[in-house]
**Q** 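I have a structure here, written as structure tokens, and I will follow up with some questions on it.
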Amino acid sequence: MRVADKTTQRNYLKYLNNARNDYAETNMKIASGNRFIKLSDDVSAGTRMLNSRVELFKSEKQLSNVQAINSEFKAVEDSMMSMNDVLNEIIGTKLVKAATETTGEAGRVTIASEIRSMKEELIQFANMKFATKYPFGGSTAKVAPFSLSDDGKLLYNGIDVDSVQQRADGTRYYVDANGVEQDIAMDNPLYLDIGLGVRVDGDSFNSVSGFEASFSGIQILGFGKTEDGIPNNLINILTEIEDKLINYDQEEFGKLQKHLTDRVDVFRTNVTDIGAKTNFLDTMETRLTNQVDNYKFRIDELVGINDAEEATQQSMNDYILKAVIQMGSKILPVSLWDYLR
């Protein structure tokens, strides 16, 4: 059977185009590092790759949150540990010395002055700044939260901490000059997604599924007063102690000394809680880092090429393309061959 010249030419051009396409496709894979360019090239792998990319994005966002929170928590923990050292010095040294019979009036006045300086140091630690905010100021504090009023009382975001009270649901408030309850500014907790599975129950956010990333300075340092009218705040207790040392009242000094010790124990519990959260964040950071690496590896497996295999394939494609071109010089008319070249 005789094959027509046009059929031969048509078949040859098809083989030539296939060889060129195979060469270009492999070259594109090598250049891009991807096994396929369009989702339609491998729908199954492409779909799994897209799902993995969504999970990778979520994990990277969670890891970024954890790293940012962890840095802030460690800075807060360092500040609270420094505050604890100051409080230990006051309780274990200054007040013990002030209570001894050998310490006279002049000695107590000196100790009161030292406590005043250490109290100011505590306020500086409580007003620590991290990046662009003040962690002890609440969720979004951009200015130092703690200051002293003209009469020496501690203010939290402008509110007298002795006047702060707490509702049954845990929210805090104060009563303004008109007798109206006002919520404490920036005292609401701030939660972030760190991979615990954030959930919304109806219209309410499920706080158990998020991580509380804010601090309440008044919760840490104390607020309100006892039934006897003694401040629960560490700074104001120290102010009262200063007064009782200068205007010495042994009985009142003893009450304040014991109350301060009790409140420092509460403060230490907060320090321990911060430390436990920091350890937890370290664990989460390690887990999320591994999770991000696993998703990247999975995506690379689904999309990425094997360099050695593709290099071998390209060598074969190059050989085939040259062979097809060489064959064309023997079966095509000279005019068409010159055109193709």
Side-chain angles (χ1 to χ4, degrees), residues 73-128 135-136 144-149 151-156 160-164 166 215-278:
F73 265 70
K74 287 178 178 178
V76 168
E77 184 180 15
D78 288 343
S79 181
M80 292 180 69
M81 289 299 295
S82 297
M83 294 169 71
N84 187 59
D85 291 341
V86 174
L87 291 168
N88 286 340
E89 175 70 11
I90 292 174
I91 292 176
T93 303
K94 303 301 180 184
L95 297 188
V96 171
K97 184 178 179 180
T100 59
E101 294 181 359
T102 56
T103 303
E105 180 180 349
R108 287 192 293 271
V109 171
T110 299
I111 292 173
S113 177
E114 292 171 344
I115 289 176
R116 184 181 303 111
S117 297
M118 299 171 83
K119 181 181 68 176
E120 292 172 355
E121 190 175 351
L122 290 172
I123 295 175
Q124 289 178 358
F125 284 127
N127 280 334
M128 64 158 289
F136 289 105
F146 291 104
S147 60
L148 293 177
S149 64
D151 58 355
K153 295 293 185 180
L154 186 69
L155 304 178
Y156 178 73
D160 181 356
V161 296
D162 285 349
S163 68
V164 176
Q166 185 164 296
F215 307 88
S216 173
I218 51 174
Q219 179 180 346
I220 291 172
L221 294 184
F223 60 90
K225 288 186 175 184
T226 67
E227 293 180 356
D228 297 333
I230 302 175
N232 285 323
N233 178 266
L234 294 172
I235 303 300
N236 287 346
I237 296 173
L238 291 174
T239 300
E240 297 263 341
I241 287 175
E242 287 177 50
D243 178 68
K244 294 303 180 286
L245 285 175
I246 295 173
N247 304 297
Y248 192 56
D249 185 323
Q250 186 175 9
E251 183 179 353
E252 290 299 318
F253 172 77
K255 289 181 182 179
L256 289 169
Q257 185 178 15
K258 182 182 183 306
H259 188 54
L260 176 64
T261 301
D262 292 340
R263 297 310 303 176
V264 169
D265 286 342
V266 175
F267 174 81
R268 288 172 181 155
T269 300
N270 287 322
V271 176
T272 302
D273 182 59
I274 294 294
K277 288 183 177 180
T278 301

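Basis for what follows: all heavy atoms, side chains included, without hydrogens, waters or symmetry-related copies.
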**Q** Is the closest side-chain heavy-atom distance between Asp273 and Lys277 below 4.5 Å?
**A**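 Asp273 vs Lys277: side chains touch.
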**Q** Ignoring hydrogens and geometry, is there a side-chain-to-backbone donor-acceptor pair from Ser79 to Ala75 under 3.5 Å?
**A**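 No: the side chain of Ser79 does not pair with the backbone of Ala75.
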**Q** When you compare the side chains of Asp151 and Ser149, does any donor N or O come within less than 3.5 Å of an acceptor on the partner?
**A**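 Asp151 vs Ser149: donor-acceptor pair found between side chains.
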**Q** Answer yes or no: is there a side-chain heavy-atom contact under 4.5 Å between Thr278 and Val76?
**A**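 No - every pair of side-chain heavy atoms lies 4.5 Å or more apart.
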**Q** Step by step, would you call Phe73 with Phe215 a ring-ring contact (aromatic ring centres under 6.0 Å, His included)?
**A** CA-CA 9 Å; Phe73 265 70; Phe215 307 88; 4.8 Å; yes
**Q** Is it true that a side-chain atom of Asn236 and a backbone atom of Lys153 form a donor plus acceptor pair closer than 3.5 Å?
**A**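 A pair under 3.5 Å: no.
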**Q** Does a side-chain heavy-atom distance below 4.5 Å link Arg268 with Asn88?
**A**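 A side-chain contact exists here, since the closest heavy-atom pair is under 4.5 Å.
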**Q** Distance from Glu240 atom CD to Leu245 atom CG, nearest 0.5 Å?
**A**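 That separation rounds to 11.5 Å.
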**Q** Would a 4.5 Å heavy-atom cut-off, applied to side chains only, mark Lys97 and Thr93 as touching?
**A**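 Answer no - side chains too far apart.
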**Q** Between Phe146 and Ile218, which heavy-atom pair has the shortest distance, and what is it?
**A**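 Heavy atoms only, the tightest pair is CZ-N, 4.2 Å.
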**Q** Can you find a heavy atom in the side chain of Tyr156 that is under 4.5 Å from one in the side chain of Leu221?
**A**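 Counting from C-beta outward, Tyr156 and Leu221 never come under 4.5 Å.
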**Q** Would a distance-only check, ignoring hydrogens and angles, find a side-chain to backbone donor-acceptor pair under 3.5 Å from Asp160 to Leu155?
**A**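 No; judged by distance alone, with no hydrogens or angles, the pair does not exist.
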**Q** If every non-hydrogen atom of Asn233 is compared with every non-hydrogen atom of Gly222, which pair is closest and at what distance?
**A**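 Scanning both residues completely, I find the closest heavy atoms to be ND2-O, 2.9 Å.
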**Q** Are any non-hydrogen side-chain atoms of Leu154 and Ile123 less than 4.5 angstrom apart?
**A**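 Yes, their side chains come closer than 4.5 Å.
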**Q** Does Ser113 reach the main-chain N or O of Val109 with its side chain, forming a donor-acceptor pair under 3.5 Å?
**A**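 Pair absent, no side-chain N/O of Ser113 close to backbone of Val109.
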**Q** Looking only at atom types and distance, does a side-chain atom of Arg108 sit under 3.5 Å from a main-chain N or O of Ala98, one as donor and one as acceptor?
**A**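 No, the answer is negative, given that no donor and acceptor are paired below the 3.5 Å cut-off.
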**Q** Please name the pair of heavy atoms, one in Met118 and one in Ile90, separated by the smallest distance, quoted to 0.1 Å.
**A**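 Shortest heavy-atom separation between Met118 and Ile90 comes out as CE-CG1, 3.7 Å.
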**Q** Is there a side-chain contact between Thr239 and Lys119 (heavy atoms, below 4.5 Å)?
**A**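 Yes, at least one pair of side-chain atoms sits under 4.5 Å.
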**Q** Are any of the side-chain heavy atoms of Phe267 and Ile220 separated by less than 4.5 Å?
**A**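 Yes, at least one pair of side-chain atoms sits under 4.5 Å.
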**Q** Of all heavy-atom pairs between Met128 and Pro135, which one has the smallest distance, and what is that distance?
**A**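 Here Met128 and Pro135 meet closest at O-CD, 3.4 Å.
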**Q** Of all the heavy-atom pairs spanning Phe125 and Val86, show the shortest one and how long it is.
**A**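 Scanning both residues completely, I find the closest heavy atoms to be CE1-CG2, 4.2 Å.
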